[in-house]
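Have a look at the structure below, then the notes.
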Amino acid sequence: DGGITQSPKYLFRKEGQNVTLSCEQNLNHDAMYWYRQDPGQGLRLIYYSQIVNDFQKGDIAEGYSVSREKKESFPLTVTSAQKNPTAFYLCASSTRQVTNTEAFFGQGTRLTVV
Amino acid sequence: AQSVTQLDSHVSVSEGTPVLLRCNYSSSYSPSLFWYVQHPNKGLQLLLKYTSAATLVKGINGFEAEFKKSETSFHLTKPSAHMSDAAEYFCVVSDRDTGFQKLVFGTGTRLLVSP
(Lines give C-alpha, C1' and ligand atoms only; values in the text may rest on other atoms or scores of the structure.)
Protein backbone atom coordinates (compact mmCIF):
# COMPACT_ATOMS: atom_id res chain seq x y z
CA ASP A 1 0.00 0.00 0.00
CA GLY A 2 1.23 3.49 -0.81
CA GLY A 3 1.45 5.89 2.05
CA ILE A 4 3.49 7.75 4.63
CA THR A 5 5.00 6.06 7.66
CA GLN A 6 6.04 7.97 10.74
CA SER A 7 7.98 6.41 13.59
CA PRO A 8 7.93 6.11 16.46
CA LYS A 9 4.31 6.73 17.40
CA TYR A 10 5.30 7.92 20.90
CA LEU A 11 8.64 9.45 21.88
CA PHE A 12 9.93 10.69 25.18
CA ARG A 13 12.81 13.12 25.43
CA LYS A 14 14.83 14.27 28.38
CA GLU A 15 15.73 17.91 28.78
CA GLY A 16 18.79 18.79 26.69
CA GLN A 17 18.56 15.81 24.34
CA ASN A 18 18.21 15.83 20.58
CA VAL A 19 15.69 13.41 19.10
CA THR A 20 14.96 12.44 15.51
CA LEU A 21 11.52 11.67 14.10
CA SER A 22 11.35 9.45 11.05
CA CYS A 23 9.14 10.01 7.99
CA GLU A 24 9.15 7.72 4.95
CA GLN A 25 6.87 7.82 1.91
CA ASN A 26 6.42 5.49 -1.05
CA LEU A 27 4.07 7.73 -3.02
CA ASN A 28 6.87 9.00 -5.30
CA HIS A 29 6.12 12.55 -4.15
CA ASP A 30 8.73 15.25 -4.60
CA ALA A 31 7.45 17.54 -1.82
CA MET A 32 7.49 16.70 1.88
CA TYR A 33 6.49 18.70 4.94
CA TRP A 34 6.71 18.69 8.72
CA TYR A 35 3.95 20.23 10.83
CA ARG A 36 3.59 20.73 14.53
CA GLN A 37 0.15 20.47 16.15
CA ASP A 38 -0.74 22.00 19.50
CA PRO A 39 -4.24 22.04 21.00
CA GLY A 40 -6.34 24.91 19.64
CA GLN A 41 -3.67 26.11 17.22
CA GLY A 42 -4.17 23.99 14.15
CA LEU A 43 -1.08 22.85 12.25
CA ARG A 44 1.99 25.02 11.88
CA LEU A 45 4.64 24.42 9.24
CA ILE A 46 8.14 23.66 10.53
CA TYR A 47 10.09 22.78 7.37
CA TYR A 48 9.31 21.73 3.84
CA SER A 49 11.25 20.25 0.96
CA GLN A 50 10.35 20.56 -2.70
CA ILE A 51 13.00 18.17 -3.98
CA VAL A 52 15.90 16.01 -2.83
CA ASN A 53 18.81 17.91 -1.26
CA ASP A 54 16.73 21.04 -0.84
CA PHE A 55 14.59 22.27 2.05
CA GLN A 56 13.17 25.54 3.35
CA LYS A 57 12.19 26.89 6.74
CA GLY A 58 8.54 27.16 7.50
CA ASP A 59 6.85 29.39 10.05
CA ILE A 60 8.33 27.87 13.22
CA ALA A 61 11.73 26.38 12.25
CA GLU A 62 13.71 27.53 15.29
CA GLY A 63 15.02 24.59 17.29
CA TYR A 64 14.45 22.08 14.50
CA SER A 65 16.58 20.68 11.68
CA VAL A 66 15.88 18.41 8.70
CA SER A 67 17.65 16.62 5.88
CA ARG A 68 16.47 15.34 2.50
CA GLU A 69 19.10 12.95 1.20
CA LYS A 70 16.59 10.60 -0.39
CA LYS A 71 13.28 11.26 -2.11
CA GLU A 72 11.51 8.83 0.22
CA SER A 73 12.79 10.18 3.52
CA PHE A 74 12.53 13.48 5.40
CA PRO A 75 13.66 13.07 9.04
CA LEU A 76 13.10 15.83 11.58
CA THR A 77 15.48 16.46 14.46
CA VAL A 78 14.16 18.28 17.50
CA THR A 79 17.19 19.88 19.09
CA SER A 80 17.80 21.01 22.64
CA ALA A 81 17.32 24.57 21.40
CA GLN A 82 13.60 23.94 21.00
CA LYS A 83 12.26 25.23 24.31
CA ASN A 84 8.81 23.70 24.18
CA PRO A 85 8.99 20.52 22.09
CA THR A 86 6.06 18.64 23.60
CA ALA A 87 3.56 18.37 20.72
CA PHE A 88 2.10 16.12 18.05
CA TYR A 89 4.23 16.08 14.89
CA LEU A 90 2.81 15.30 11.48
CA CYS A 91 4.67 14.56 8.27
CA ALA A 92 3.04 15.01 4.88
CA SER A 93 3.88 14.70 1.21
CA SER A 94 2.46 15.94 -2.09
CA THR A 95 3.30 16.46 -5.72
CA ARG A 96 5.07 19.69 -6.64
CA GLN A 97 2.07 20.96 -8.56
CA VAL A 98 1.50 24.56 -7.57
CA THR A 99 -2.27 24.47 -7.34
CA ASN A 100 -4.99 22.06 -6.26
CA THR A 101 -2.54 19.68 -4.68
CA GLU A 102 -3.71 17.71 -1.69
CA ALA A 103 -1.26 16.55 0.94
CA PHE A 104 -1.12 13.02 2.32
CA PHE A 105 -0.38 12.69 6.02
CA GLY A 106 1.31 10.15 8.24
CA GLN A 107 -0.20 8.99 11.53
CA GLY A 108 1.92 11.33 13.61
CA THR A 109 4.48 11.14 16.40
CA ARG A 110 3.62 12.38 19.87
CA LEU A 111 6.72 13.82 21.54
CA THR A 112 6.80 14.40 25.28
CA VAL A 113 9.58 15.99 27.30
CA VAL A 114 10.14 14.24 30.63
CA ALA B 1 -0.66 35.82 2.58
CA GLN B 2 -3.71 33.59 2.60
CA SER B 3 -5.56 32.63 5.76
CA VAL B 4 -8.61 30.77 6.99
CA THR B 5 -10.86 31.36 9.98
CA GLN B 6 -12.89 28.56 11.47
CA LEU B 7 -15.65 30.29 13.33
CA ASP B 8 -16.43 27.60 15.90
CA SER B 9 -13.92 25.73 18.03
CA HIS B 10 -16.58 23.15 19.01
CA VAL B 11 -19.87 22.07 17.42
CA SER B 12 -22.27 19.65 19.12
CA VAL B 13 -25.02 17.81 17.27
CA SER B 14 -27.26 14.83 17.86
CA GLU B 15 -26.95 11.74 15.71
CA GLY B 16 -29.18 12.07 12.63
CA THR B 17 -29.26 15.88 12.63
CA PRO B 18 -27.49 18.14 10.11
CA VAL B 19 -23.89 19.27 10.51
CA LEU B 20 -22.58 22.74 9.63
CA LEU B 21 -18.90 23.64 10.16
CA ARG B 22 -18.08 27.19 9.14
CA CYS B 23 -14.97 28.46 7.38
CA ASN B 24 -14.07 31.85 5.95
CA TYR B 25 -10.97 32.45 3.89
CA SER B 26 -8.82 35.36 2.88
CA SER B 27 -7.12 35.21 -0.50
CA SER B 28 -5.92 37.73 -3.03
CA TYR B 29 -6.60 35.37 -5.93
CA SER B 30 -8.74 32.35 -6.69
CA PRO B 31 -7.87 29.95 -3.91
CA SER B 32 -7.58 26.21 -3.59
CA LEU B 33 -9.54 25.13 -0.52
CA PHE B 34 -9.65 21.85 1.35
CA TRP B 35 -11.37 20.21 4.31
CA TYR B 36 -9.44 17.59 6.27
CA VAL B 37 -10.64 15.38 9.14
CA GLN B 38 -8.55 14.09 12.04
CA HIS B 39 -9.60 11.37 14.45
CA PRO B 40 -7.88 11.32 17.87
CA ASN B 41 -4.14 10.70 17.71
CA LYS B 42 -4.31 10.06 13.98
CA GLY B 43 -3.10 11.78 10.84
CA LEU B 44 -5.28 13.92 8.63
CA GLN B 45 -7.50 12.59 5.87
CA LEU B 46 -8.77 14.66 2.95
CA LEU B 47 -12.57 15.04 2.93
CA LEU B 48 -12.90 17.23 -0.16
CA LYS B 49 -11.23 19.97 -2.18
CA TYR B 50 -12.31 22.96 -4.24
CA THR B 51 -10.40 23.29 -7.49
CA SER B 52 -12.22 26.20 -9.21
CA ALA B 53 -14.57 23.92 -11.11
CA ALA B 54 -18.01 23.31 -9.54
CA THR B 55 -18.74 25.52 -6.54
CA LEU B 56 -20.55 22.68 -4.74
CA VAL B 57 -18.00 20.04 -3.89
CA LYS B 58 -18.91 16.55 -2.75
CA GLY B 59 -16.55 14.59 -0.58
CA ILE B 60 -16.30 11.31 1.25
CA ASN B 61 -18.71 10.03 3.92
CA GLY B 62 -21.59 12.24 2.73
CA PHE B 63 -19.88 15.58 3.36
CA GLU B 64 -20.06 18.49 0.96
CA ALA B 65 -18.95 22.11 0.88
CA GLU B 66 -20.00 25.15 -1.12
CA PHE B 67 -17.55 27.77 -2.32
CA LYS B 68 -19.11 31.24 -2.11
CA LYS B 69 -16.79 33.89 -3.45
CA SER B 70 -19.06 36.80 -2.51
CA GLU B 71 -19.03 35.67 1.12
CA THR B 72 -15.44 34.30 1.08
CA SER B 73 -16.82 31.16 2.69
CA PHE B 74 -16.33 27.42 2.30
CA HIS B 75 -18.66 25.86 4.87
CA LEU B 76 -18.76 22.08 5.36
CA THR B 77 -22.13 20.35 5.66
CA LYS B 78 -23.63 16.91 6.07
CA PRO B 79 -27.38 16.19 6.08
CA SER B 80 -27.31 13.61 8.87
CA ALA B 81 -24.58 13.15 11.46
CA HIS B 82 -23.26 9.73 12.42
CA MET B 83 -21.45 8.83 15.61
CA SER B 84 -18.34 8.05 13.57
CA ASP B 85 -18.22 11.69 12.36
CA ALA B 86 -17.00 12.81 15.79
CA ALA B 87 -13.53 14.19 15.07
CA GLU B 88 -11.62 17.42 14.47
CA TYR B 89 -12.08 19.17 11.13
CA PHE B 90 -9.64 21.56 9.50
CA CYS B 91 -10.33 24.08 6.77
CA VAL B 92 -7.23 24.68 4.67
CA VAL B 93 -6.24 27.20 1.99
CA SER B 94 -3.25 26.99 -0.29
CA ASP B 95 -0.76 29.84 -0.19
CA ARG B 96 1.03 30.37 -3.48
CA ASP B 97 2.79 33.59 -2.61
CA THR B 98 6.17 31.91 -2.67
CA GLY B 99 5.53 30.16 -5.98
CA PHE B 100 5.14 26.95 -4.03
CA GLN B 101 1.93 25.61 -2.64
CA LYS B 102 2.01 25.88 1.12
CA LEU B 103 -1.07 24.73 3.00
CA VAL B 104 -2.36 27.14 5.65
CA PHE B 105 -4.55 25.52 8.29
CA GLY B 106 -7.40 26.89 10.33
CA THR B 107 -7.40 26.27 14.07
CA GLY B 108 -9.87 23.39 13.74
CA THR B 109 -13.44 22.62 14.81
CA ARG B 110 -14.13 19.70 17.08
CA LEU B 111 -17.39 17.96 16.17
CA LEU B 112 -19.17 16.19 19.00
CA VAL B 113 -22.00 13.78 18.14
CA SER B 114 -24.37 12.60 20.85
CA PRO B 115 -26.71 9.59 20.61
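When the side chains of ILVMFWY residues are joined at heavy-atom separations under 4.5 Å, either directly or via intervening members, A:W34 and A:I60 end up in a single hydrophobic cluster. Under the 4.5 Å side-chain heavy-atom criterion for grouping Ile, Leu, Val, Met, Phe, Trp and Tyr, A:V113 is not connected to A:V19 through any hydrophobic cluster. Connection of B:L46 to B:F90 is established within a shared hydrophobic cluster, with ILVMFWY side chains joined at heavy-atom distances below 4.5 Å, either directly or through further cluster members. When the side chains of ILVMFWY residues are joined at heavy-atom separations under 4.5 Å, either directly or via intervening members, A:I4 and A:Y10 end up in two distinct hydrophobic clusters. B:M83 and B:V19 fall within a single hydrophobic cluster, where Ile, Leu, Val, Met, Phe, Trp and Tyr are joined by side-chain heavy atoms under 4.5 Å apart, directly or via other members.
Heavy atoms closer than 4.5 Å to chain B are found in both the backbone and the side chain of A:L43. Interface remark: A:Q107 contributes backbone and side-chain atoms alike to the contact with chain B (heavy atom separation under 4.5 Å). If you measure heavy-atom distances from A:Q37 to chain B, the contacts under 4.5 Å come from the side chain alone.
A:K71 NZ: more than 12 foreign heavy atoms inside a 6.0 Å radius.
Looking only at side-chain heavy atoms (C-beta outward), A:F105 and B:Q45 stay at 4.5 Å or farther from each other. At least one side-chain heavy atom of B:Q38 sits under 4.5 Å from a side-chain heavy atom of A:F88. For the pair B:L103/A:Y35, a side-chain contact is recorded, criterion being any heavy-atom separation below 4.5 Å from C-beta on. Here the side chains of A:R110 and B:N41 are in contact, with some heavy-atom distance below 4.5 Å.
Distance check: A:E102 CD to B:L47 CG gives 11.0 Å after rounding to the nearest 0.5 Å.
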